[in-house]
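I have placed the structure first, in the form of structure tokens, so that the comments after it can refer back to it.
Here, residue 1 is the first one in the sequence, and each next residue gets the next number.
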Amino acid sequence: MIIKPHEVNNYPINSFFLLGFDETGLSKAFSYCLSKNELFFKHFLKYIGVTQKIDKSFFNNCGIEIEKVRDEGRTDIEIYCPTLLHIIIECKVRNNTINEQRTQYLDSFKHEVVEKILCFITDINDYRFQFNENIKIKNLNWNDIDILLDNRKFENNETIVNFQNYLRKGYKLNNRKEILVQDLSVDIEIEKFEKYNLYRRQKIFGSPLYFSPYYSKTTKNGEGIKTLSRICGIISAKPNEISSFIDDLNLFSGGNKDLVNKWLTGLKLDTDDTVYTYFFLDDPLFLNTSLLKETTKKKGQGKDWIAAMIPRNRCVSFLEFMKRLNDKIEIEK
């Protein structure tokens, strides 16, 4: 690692960079910030659903430990407050996924504590939800941590600012896509989208911000992109498991019970025992004109957009989306 290049007086590096850019380094840096900043500690615990009153005495009574060796394995981070709270955090970066750890540490929790949370923080948005009646299980992405850090209250805190720079520069938080565009042609899927603000597909990674279905030629709606819906939240699970995560659905909806009930009603249309990735959507914005695929056969067809066959998980930028919309409006004039 270069600490100071030749002929450079002020190289933008801070002490966190010395930890390196792997899972161990990131988990150490993250746990250090939790231990040094009570406000960040409080924000994080509230974000993952801790119900305890998190005041100064609670912070003082909590211990934070890294790389704790147990019979079940070595955990990345543990937060423990006697009788009240035990959190185990597993950290992954880049294309590493959480597999055996999903059940590996379930027997590691202190039996006497009121609240137990197993938290996974990944780099590829693993939305596989699982249920345990005694342990809350939370799935986060490092982008979520970056958003928590992006708070005016932290702007003058050197430790937090340095960690955020380390997180952003070292781990390239660039997997948040903008608008997901996918074919919509099956009647039951159209019903789930139009009546219940739901869209599903086979398990995926990545977290788009909006969803725009492309109605195929065979639908009664007519071909093209006609709506834009904000993605409130994403869960990968079997249809009959999702109702167990009512707290997450309430969080997705911002407390809108009618929207949550709409989602839950739509989920009843799926009766198979398969894991899907579900997109929970806000009410759609209807476009004044329909956007169509490119039909040209020239080289580079569909670049930055969509062509004859929309690939799985195709995301486009807001810039390209608005450019196509403006061009279509000009043509129609």
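Shown here are the side-chain hydrogen bond (donor to acceptor under 3.5 Å, both in side chains) partners of Asp273, two or more places apart in sequence or in another chain: Lys238. The salt bridge (Lys or Arg N to Asp or Glu O under 4.0 Å) check on Asp282 picks up Arg230, with sequence neighbours excluded. Considering only residues two or more places apart in sequence or on other chains, Asp272 meets the salt bridge (Lys or Arg N to Asp or Glu O under 4.0 Å) condition with none of them. Under the rule for a side-chain hydrogen bond (donor to acceptor under 3.5 Å, both in side chains), the partners of Ser290 that lie at least two apart in sequence or sit in another chain are Lys226. Residues that satisfy the ring-ring contact (aromatic ring centres under 6.0 Å, His included) test with Phe211, not counting sequence neighbours, are Phe193, Tyr199. Evaluation of the side-chain contact (heavy atoms from CB on, under 4.5 Å) rule for Glu320 yields Asp304, Trp305, Ser317, Lys323, Arg324 as partners, not counting sequence neighbours. The side-chain hydrogen bond (donor to acceptor under 3.5 Å, both in side chains) test applied to Tyr166 returns Tyr171, not counting sequence neighbours. Lys56 pairs by the salt bridge (Lys or Arg N to Asp or Glu O under 4.0 Å) definition with Glu38, not counting sequence neighbours. In this structure, Phe58 has no ring-ring contact (aromatic ring centres under 6.0 Å, His included) partners at least two apart in sequence or on a different chain. Remark: Tyr80 pairs with His86 by the ring-ring contact (aromatic ring centres under 6.0 Å, His included) rule, at least two apart or across chains. Contacts of Glu189 classified as side-chain hydrogen bond (donor to acceptor under 3.5 Å, both in side chains), with partners at least two apart in sequence or in another chain: Lys192, Arg200. For Phe59, the ring-ring contact (aromatic ring centres under 6.0 Å, His included) partners are Phe41, not counting sequence neighbours.
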Decide side-chain contact (heavy atoms from CB on, under 4.5 Å) for Asn313 and Arg201; before the verdict, give the C-alpha distance in whole Å, the side-chain angles of both, and the deciding distance to 0.1 Å. CA-CA 9 Å; Asn313 308 331; Arg201 61 165 306 111; 3.2 Å; yes

Mind running side-chain contact (heavy atoms from CB on, under 4.5 Å) on Asp76 and Glu23 for me, showing each step along the way? CA-CA 9 Å; Asp76 290 333; Glu23 293 167 0; 5.8 Å; no

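One N or O on the side chain of Asn141 and one on the backbone of Thr122 form a donor-acceptor pair closer than 3.5 Å. Proximity of a side-chain donor or acceptor of Asp150 to a complementary backbone N or O of Asp146 within less than 3.5 Å is not detected. Counting only distance, with no hydrogens or angles, the side chain of Ser253 and the backbone of Gly255 share a donor-acceptor pair below 3.5 Å. For the pair Asn37 (side chain) and Cys33 (backbone), a donor-acceptor distance under 3.5 Å is absent.
Remark: aromatic rings of Phe30 and Trp142 are close, center separation under 6.0 Å.
Ring geometry for Tyr278 against Phe280 counts as tilted: the plane angle lies between 30° and 60°, on a 0 to 90° scale. Aromatic ring orientation, Phe154 versus His43: perpendicular (interplanar angle above 60°, classes split at 30° and 60°).
More than 12 non-hydrogen atoms from other residues, nucleotides or ligands lie less than 6.0 angstrom from NZ of Lys293.
Side-chain contact between Leu19 and Leu26: absent, with no pair of heavy atoms (C-beta onward) separated by less than 4.5 Å.
Checked by atom type, the side-chain pair Glu194/Asn221 shows a donor-acceptor distance below 3.5 Å. A donor and an acceptor atom, one from each side chain of Glu241 and Ser244, are nowhere located under 3.5 Å apart.
The OG atom of Ser212 sits 11.0 Å away from the CD atom of Gln182 when rounded to the nearest 0.5 Å.
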